[in-house]
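Scroll down for the structure; my scribbles are underneath it.
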Amino acid sequence: MVYHDFITLVLSLTLKLNIMKHIFPTLLFLLSFSLSFSQEKKAITHEELWLLKRVGAPAVSPDGKFAIFSVTEPAYDEKEQISDVWVVPTDGSAKARKLTAGKAGESAYSWSPDGKYIAFVAKRDGDEVNQVYIMNFKEGGEGQRITTLSTGASSPKWSPDGKMILFQSSVFPTCYTDSCNKKTTEEKKKQKYNARVYTSFPIRDFDKWIDEKKTHLFVQSTEPKSSAKDIFTDVAISKQEGFQYSNACWSADSKDIIFSATTEANTAAYQDPAANLYRVPASGGAEKQLTSDKQDYGNPLITKDGKNLFCYMTVVGNNKMYNISKLVRFDWPSMQNKTVVSEKLDRQINNFVVSGAQVYMCVEDVGQDKIYTLPVKGGDAKLLSTAKAGCYSNVSASTEGEIKLI
């Protein structure tokens, strides 16, 4: 028998057409929600639908007592759109309250490991680009900016010891200092033309043209007046033409960064590029390649005890239209005993978290996104969500919970 002790999962439920209005996450993996509809039936207008406030992905605190989430107030003029961070107790004992306010939108929020601070990204007064801010959740007060890169900052991730922030920024390929990026940016502004010459693929990402900038990873101390370090400075593969970074995580001891990247992005027009996992010291240095079996690896996650690495794996070059990713587990740091944890699950996994001895996943199934769980050792996936309509997404779990096997 399995007992779940103090584990909080917060699930973001998005109904079709995004007409969800209230979410009341509870302890364990239960979700309550209510929808308010007018008694008088009438046709919904474009304005009413578009201007509905939208709830973003939740992030549950390490102790499972609170969840932070964004609330976006849309506007027809993108400059007038507002997005603030809110917080609510996960037991529903109090109403949600706003943590940030202002014209600048906040995003990419995350808890510090001790639950005392919240990091988020914003472009506030005096900022030309987005920067990382830190707010003291326990004591209150305004968020304090910690990054000052001219190229901006996004996707902050706390180190397990809470002393550093990992984030990413788009920089010019030959620039490994902020002064170089700033100088190049100024030179670009002085150009009297806006034409680009493409000599390799890809040239466009959906509705945006791709420029010469590349996404790099940076590490910065949370101490005041600290500076950011580009950890790709000594990473040889980042100099290759087909290099493209995907995602990253911290090692449990806060000493290393594990990231996913491909060196074949320029071949995507005629074949599936494979991404591998790499390890680089958080203090900087050369990379170490962790996978090399010509499969596509992404979304690495090191478990809290530091014993396992989880990630997605997709078979490349098999010419299948329905080519789903599998969840695999390695022993860490040896990268031995590769195990396909979701071997029996014939569905696409959109995101996952690991808490104790269980993996919680958002899974596509017959037109819906549902929440499943399975043991970290592998086995049969168990359906947790039971709603007949709507889609669950962005599963988040507390880290101080423990699953005890009896």
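When a residue number appears, it is its place in the shown sequence, counting from 1.
- One N or O on the side chain of Ser396 and one on the backbone of Val60 form a donor-acceptor pair closer than 3.5 Å.
- Residues Tyr312 and Phe352 place their aromatic rings such that the two centres sit under 6.0 Å apart.
- Each side chain to side chain donor-acceptor pair (under 3.5 Å) pair with one or both residues in residues 141-156, not counting sequence neighbours, appears once here: Arg124-Glu142, Asp127-Arg145, Gln131-Thr147, Ser150-Asp178, Thr151-Ser169.
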Under 3.5 Å, side-chain donor or acceptor atoms of residues 260-268 against the rest of the protein: list the pairs with distances, not counting sequence neighbours.
residue: Ser260; atom: OG; partner: Tyr297; partner atom: O; Å: 2.6
residue: Thr262; atom: OG1; partner: Glu264; partner atom: N; Å: 2.9
residue: Thr262; atom: OG1; partner: Ala274; partner atom: O; Å: 2.9
residue: Glu264; atom: OE1; partner: Ala274; partner atom: N; Å: 3.1
residue: Thr267; atom: OG1; partner: Glu264; partner atom: O; Å: 2.7
residue: Thr267; atom: OG1; partner: Gln271; partner atom: NE2; Å: 3.1

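- The shortest heavy-atom contact between Lys377 and Arg329 is CA-NH1, 3.3 Å.
- Remark: the Gln358 side chain and the Thr373 side chain contain an N/O donor-acceptor pair separated by less than 3.5 Å.
- Of all heavy-atom pairs spanning Arg347 and Val363, the tightest one is CB-CG1, 3.2 Å.
- For Glu78, the CD atom counts as loosely surrounded, since its 6.0 Å shell holds 12 or fewer non-hydrogen atoms of other residues, nucleotides or ligands.
- Identified under the salt bridge (Lys or Arg N to Asp or Glu O under 4.0 Å) test for residues 186-195, with sequence neighbours left out: Glu186-Lys189, Lys188-Glu212.
- The minimum heavy-atom distance linking Ser226 with Ser221 is given by the pair OG-O, 2.7 Å.
- For Trp250, there are no ring-ring contact (aromatic ring centres under 6.0 Å, His included) partners two or more places apart in sequence or in a different chain.
- Applying the ring-ring contact (aromatic ring centres under 6.0 Å, His included) test to every pair with at least one member in residues 215-238, sequence neighbours left out, gives these pairs: Phe167-Phe218, Tyr176-His216, His216-Phe232, Phe232-Phe243, Phe232-Phe259.
- For the disulfide (SG to SG under 2.5 Å) test, residues two or more places apart in sequence or in another chain that qualify with Cys175 are Cys180.
- Between the CG atom of Asn308 and the CE atom of Met335 there is a distance of 11.0 Å, given to the nearest 0.5 Å.
- Checked by atom type and distance alone, the side chain of Tyr360 never pairs as donor or acceptor with a backbone atom of Ser355 at under 3.5 Å.
- Within a 6.0 Å radius of CG in Asp125, no more than 12 heavy atoms belonging to other residues, nucleotides or ligands are found.
- Here the side chains of Ile257 and Ile231 are in contact, with some heavy-atom distance below 4.5 Å.
- Residues Trp111 and Phe137 are in side-chain contact: their nearest non-hydrogen atoms beyond the backbone lie under 4.5 Å apart.
- Using a 4.5 Å heavy-atom cutoff, the side chains of Gln289 and Ile237 are not in contact.
- Nearest heavy-atom pair, Pro375 versus Asp380, reported as atom, atom and distance to 0.1 Å: CD-O, 4.0 Å.
- Side-chain atoms of Asp346 and Tyr322, non-hydrogen and from C-beta on, do get closer than 4.5 Å to each other.
- Closest approach of Glu343 and Lys326 over heavy atoms only: O-NZ, 3.5 Å.
- Shown here is Asn319, whose CG atom has no more than 12 heavy atoms of other residues, nucleotides or ligands within 6.0 Å.
- In Lys163, the NZ atom is not crowded: 12 or fewer heavy atoms of neighbouring residues, nucleotides or ligands sit closer than 6.0 Å.
- At most 12 heavy atoms of other shown residues, nucleotides or ligands fall within 6.0 angstrom of atom NZ in Lys307.
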